[in-house]
Structure formats: structure tokens, C-alpha cells
Amino acid sequence: MLQEDIFKKLTAHCKEYGFIFQSSEIYDGLSAVYDYGQYGVELKNNIKKYWWDAMVLLNDDIVGLDSAIFMHPDVWKASGHVDAFNDPLIDNRDSKKRYRADVLIEEFLEKLSEKINKEVAKAARRFGEEFDEAMFRKTNARILDLNQRLESVRMRFVEASEKGDLDGIRQLIIDCEIADPVSGSRNWTEVRQFNLMFDTRVGSVSEDANTIYLRPETAQGIFVNFMNVQKSGRMKLPFGIAQIGKAFRNEIVARQFIFRMREFEQMEMQFFIRPGEEKQWYEYWKDKRMKWHKALGFSESKYRFHDHVKLAHYADAATDIEFDFPFGFKEVEGIHSRTDYDLSQHQKFCGKKLQYFDNELNKSYVPYVVETSIGLDRMFLTVLAASWKEEKITKANGQEDERVVLQLPPLLAPVKLAVFPLVKKDGLPEISQKIRDDLRFDFACQYEEKDSIGRRYRRQDAIGTPFCITIDHQTREDETVTIRYRDTMEQERVPVGKLREIISEKVSIKKVLEKLY
RNA sequence: GCGGGAAUAGCUCAGUGGUAGAGCAUCAGCUUCCCAAGCUGAGGGUCGAGGGUUCGAUCCCCUUUUCCCGCUCCA
């Protein structure tokens, strides 16, 4: 089957079985925003728990945090988000290239002043020794003309920029007859402002309203709480702060289902270390995080590292853990050595010391940071893509059949077990419900009595339930039931009293986490 | 954002300028002792939205929204 078809089927499956719905679907939907349905939310919560336990539960030196989405606007000035992602963009319809409108105009201005300089240089050659440059610039008609043009364009540009007048900027590009450097075409689209960050207003009324941003990453909430956590928790370096939370980015193109969304969830851990030890901790977390992924038991060839060659302004080393999605290898998690960039920036902007006194070294310093940052929604997609199978099976009577099964790792499955009476009579439903009522405190359970037993098995396969317990007539005699395994479809007869123990062992998160430490 | 394609029942799709169809799914009942698609019955659609042409539009035209593919962008 084509990979592309697999992806289509996977997304259809997500909707059909209540994992993911498009946001506001009854109002025609909201682009690049999705809701998690009844099974989606369970799977997502299980992924969070797997991550949280691997980070916070099992590491003495990592603690959790839940910082607010709203933060002081200066946070984003310090982090560089306000300046770095605020560009007016324009497309050329013929070349299909996108440009920063302000850069096009600046380049045009640059060209004009070059022209002036060339004229001056030409004149200088012509007049030789007695050339008076200042006089020439003041009197030459050509230069005056060019200068006037340059100044008028610059004025309009500054005015339009200050007012955020996008139409004015476009008009300027047209009036200056600026052409696409690639195609020479002047067929431009509208100018649009693409801000990375969404903003909103805080305050009772608009008159003294304050613009604040919806955070584009959770990391800054950790950085601004560094001192709080370090002091109140009496944390010694090295130590880490972990956080799971929503983040928002106004993506220019958001596509590929939940891979790139405008509202998404991150699981981030910032590990604070002594300067000079960054290489060693970077390698440590690279290794640890890859183990976390592989411990789920999917094919190892689905994962790879992708080291960044071009580094962001704050990093001195960076790598992605990529997963082989149906649409190719794509980033799921990033591990970055962020140096002391963030804390230093905040120290500068807030005017307070963000330093740690190291008893061993007997001095204070701004700690370095190694970050692990994983997209929860991308992780969710990873798990689904790796689990979704369309199988051909041969029935008892020799006929070919198909089944769709989510081979989820049991610890992540939204429903751990389903309990069925083989038939809806002879007291079997009552016995089944009693068993379910007993097990529901320990596992996410379902009870179903409708439809043929085979159909019920298939429904559970489709949502990835690893175990189905069936109560038959023999149960009434010897208190045994059958347990049917999702992946092999094989059955085993076991005593009712042993169910809890058997299933606990198989859905154990401990068994998986033990592979990590 | 640009270019191309799509949108009809929960899902997969058929269909016609003149009152909207199938299969599966759902619900109720029957049947059924282990791997879906037996039987009977029922519910469910202003044919994505808005406008135009027309006596009449799900169908023709325009606009718009959403999704898919390609390009582009991406810390």
C-alpha cells in the first residue's frame, strides 16, 4: 500500500473511532486546530504519564512545574520571540517565491544609494584632483533627483512601517517598480503580516488594555521560575524542571493533520548544569531520550537522529529525534544545548540575578541548559502511525478476511480490557458485569453485550484494546474465563481470580520504565 | 500564501435542471456457545456556506470555508 494511502486511512480511522476530530467541525472547522475525542484523550493522557514518570518520578534531580500560558510581555522580548518573528511577507505570483516586503524595499533603497555613489565615483574620475564631492552632491541634477527619490521612498517606508500599513508597503513596492530578483516579474500578492505569536488583551476595558501573548513555547515558563524552584526545592546543580503544557504558534502553513497545529502541546524538560559540562549532558540526554522512544517496542529502524548543522541563535549543539512517518522522517523531539543564553537574557531584562552559587567551585554563575522538548501531538501521531495495521487473515473456514488493528503498547492503550458475555442470556451478562465492576478500579474497562462475539472483538481491535475477557457457560461451572490477545487473536482460559494479576503485569508501566534506568 | 483537485446520510460513494439513492454503520426486536457484514423493522440529508441565472438549482455561474496534493516557509 502507498504510504500516502496509509496516512489517509490513519486520519480517517482517528475520526471514525473517536480519537481526533477537527475543531469546530459543525461550523466548517477551524484550520490546523484539532480536538481529541473519547479515546484520543485517554491515549494522550497515557503518553503524558509515560513521559512524566520517566522524567519526574524516576529522577531525584528533576521536578515538575505547571507555569501559566500568559506571561509578562517582556518575557518574549528577552527570549527573542518578539523581534525575530514579525515580518511583512509578500509573494510573487509568477515565481511562487516569498519575500520579506521590508527587505525588498531596503534592497531597493540600497540600490539607489549605490547608484548615487557610482555617479559620484564617475564624476571624481572625470574631474580628477579638484573634485569637490560635497559640492557635487549638492548641485548635480542627477544626484539631486536620485537623492530626492531615495528620501521620498524612505519616508514612505518608515511611515508605512510605523503605522503597520501593509497596503502602503505594497503600493510602495509597486510604485518603485520593484521586480522579483528571480523572475523579473512584478506580479505581487498582498502584503501580509505573519506573527509567530498570537496576542490578546488583559485588562478590564480596552483603554488601559495591555497586549500579552499566548506562549509559543513552554520553556520560558521554566526559565522564569528557575530561581523559585531552585530555592524553594533546595535544588543542587545539576537539576531539571519538567513541564507539560499547551503552546501556540501562528503557522504560515499548517498541515499534515496533527503534525503541525496552531495550538499544540509540548513536553519539555530544561536541565540546568555547570558551564563546561554541556557536551557531556547533551550526550546523556540524547541517549536517554532515544531509549525512551525505543522502549515502546516499535521497530528501531523507525527512529533516527538528525543533527542540526545550522544552529539557532541560542544553541551550541542541537539534534532532532526523527520518526519515520507515512510522509517521511520528521522531527518528534529536539534536544538542544542552549548554553546560558536564556537565563542570561532574562537576567538582563528583569535586572535580577539568575545565578547559582556552586559550593564546590565557591562561585556564582549563570547555569547552562540542556533542553529536551517533545511535541505531545507528534508523539501521539508517532504512536498511532506505528500501531495502525491492516491485516489479512484466514478464517477458520479458509476464507480470506481483513481486520484493522491498533497494536498499541498496552500501557498506552485507551482501554485496557473489554469484558463480554458470550451470549446475552443464561445469566452471562450479570456475571460479566460483576467481573467488570471488580476490575474497573484498576484498569480502563469496557463492557459490551451487543452483536456477535467476533464483531465485538474487531471493534476493540480498532481502538487498540489489548485484552478481551469472554464469559461463557463454562464460567458458571468453574469460574474460568477466556482472555483473548489483540495481536495474535489467540485465547487462553484462566481463572477469574487471576485476571487482575495477569493484566497488571501486561499493562505495567514499570516494566517499560525499567528499561530506561 | 500560490497552483491544482475535492466537498451529497456517521462512513464509502452513486445520481439528475423538476420532491434524494445504495452498501456499511446506528437504534429496537429476533437469532447466535468464540473472531464483523443472518432475519425484521426504525431513525437519519434545506446535497459545505452565501449570492446569481432560471418558472424551478444538489446539478450551470461567481464568491467563500474546509480538506487533500505540489510549491513555498519553518526556532
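The chains referred to below are lettered A, B, ... by the order of the sequence lines, with proteins before strands, and numbering in each begins at 1. Since we're looking at a predicted model, the values are computed, not measured.
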One character per nucleotide, please: for nucleotides 23-33 of chain B, 5' to 3', B when the base has a protein heavy atom closer than 4.0 Å, S when only the sugar-phosphate does, - otherwise.
--SSS----SB
I'd like to know if A/Arg260 reaches the base of B/C74 with its side chain, counting only an N/O donor and acceptor under 3.5 Å.
yes
Table please: side-chain donor-acceptor pairs of residues 32-41 of chain A below 3.5 Å, with sequence neighbours left out.
residue : atom : partner  : partner atom : Å
A/Tyr36 : OH   : A/Asp377 : OD1          : 2.6
A/Tyr39 : OH   : A/Gln446 : NE2          : 2.7

Any carboxylate oxygen within less than 4.0 angstrom of a Lys/Arg side-chain nitrogen, looking at A/Lys77 and A/Asp74?
yes
Look at the side chain of A/Arg456 and the base of B/C35, then say whether one donor and one acceptor between them are separated by less than 3.5 Å.
no
Can you check the distance between B/A36 and B/C30, where both ends of the measurement are the P atom (answer in whole Å)?
23 Å
Using the P atom on both, measure B/C24 against B/U32 and round to a whole Å.
22 Å
Determine whether A/Leu43 and A/Leu412 satisfy the following criterion, side-chain contact (heavy atoms from CB on, under 4.5 Å), listing intermediate values before the conclusion.
CA-CA 6 Å; A/Leu43 174 53; A/Leu412 298 183; 3.8 Å; yes
Given A/Glu265, which partner from the list A/Lys246, A/Arg378, A/Lys44 fulfils the salt bridge (Lys or Arg N to Asp or Glu O under 4.0 Å) test?
A/Lys44
Criterion side-chain contact (heavy atoms from CB on, under 4.5 Å) on A/Phe467 and A/Val507, from CA distance to verdict
CA-CA 10 Å; A/Phe467 313 106; A/Val507 303; 3.7 Å; yes
Considering only atom P, compute the distance from B/U26 to B/U12 and round it to an integer number of Å.
16 Å
Could you list the residues that satisfy side chain to side chain donor-acceptor pair (under 3.5 Å) with A/Arg289, not counting sequence neighbours?
A/Glu333
Among side-chain atoms of A/Thr218 and A/Glu268, is any donor-acceptor pair under 3.5 angstrom?
yes
Can you list the residues that meet the side-chain contact (heavy atoms from CB on, under 4.5 Å) rule with A/His473, with sequence neighbours excluded?
A/Val423, A/Asp426, A/Leu428, A/Arg476
Please tell me which of the listed nucleotides, B/G10, B/C67, B/C35, lies nearest to the side chain of A/Tyr457?
B/C35
Which value, in whole Å, describes the distance between the C1' atoms of nucleotides B/U16 and B/C59?
7 Å
Reading 5' to 3' and counting Watson-Crick or G-U wobble pairs with both distances under 3.5 Å, write the dot-bracket notation for RNA chain B, | for bases paired outside the strand.
(((((((..((((....[..)))).(((((.......))))).....(((((..]....))))))))))))....
What's the CG-C1' distance between A/Asn250 and B/C73, to the nearest Å?
13 Å
Starting at the 5' end of RNA chain B, which residue's closest nucleotide do you reach first, A/Lys15 or A/Thr470?
A/Lys15
Would you measure the distance from the P atom in B/C47 across to the matching atom in B/G10 and give it in whole Å?
13 Å
Upstream residue (5' side of RNA chain B) when A/Ala12 and A/Arg484 are each assigned their closest nucleotide
A/Ala12
For nucleotides 43-49 of chain B, which of its nitrogen or oxygen atoms have a protein nitrogen or oxygen under 3.5 Å away, and what is each distance?
none

Could one point to a donor on the side chain of A/Glu16 or the base of B/C11 with an acceptor on the other under 3.5 Å away?
no
Determine the interatomic distance between P on B/C62 and the same-named atom on B/G5; round to the nearest Å.
12 Å
By the definition side-chain hydrogen bond (donor to acceptor under 3.5 Å, both in side chains), identify the one residue from A/Asp478, A/Thr482, A/Thr470, A/Thr480 that meets it with A/Arg493.
A/Thr480
SB check A/Arg338 A/Glu217 (cutoff 4.0 Å)
yes
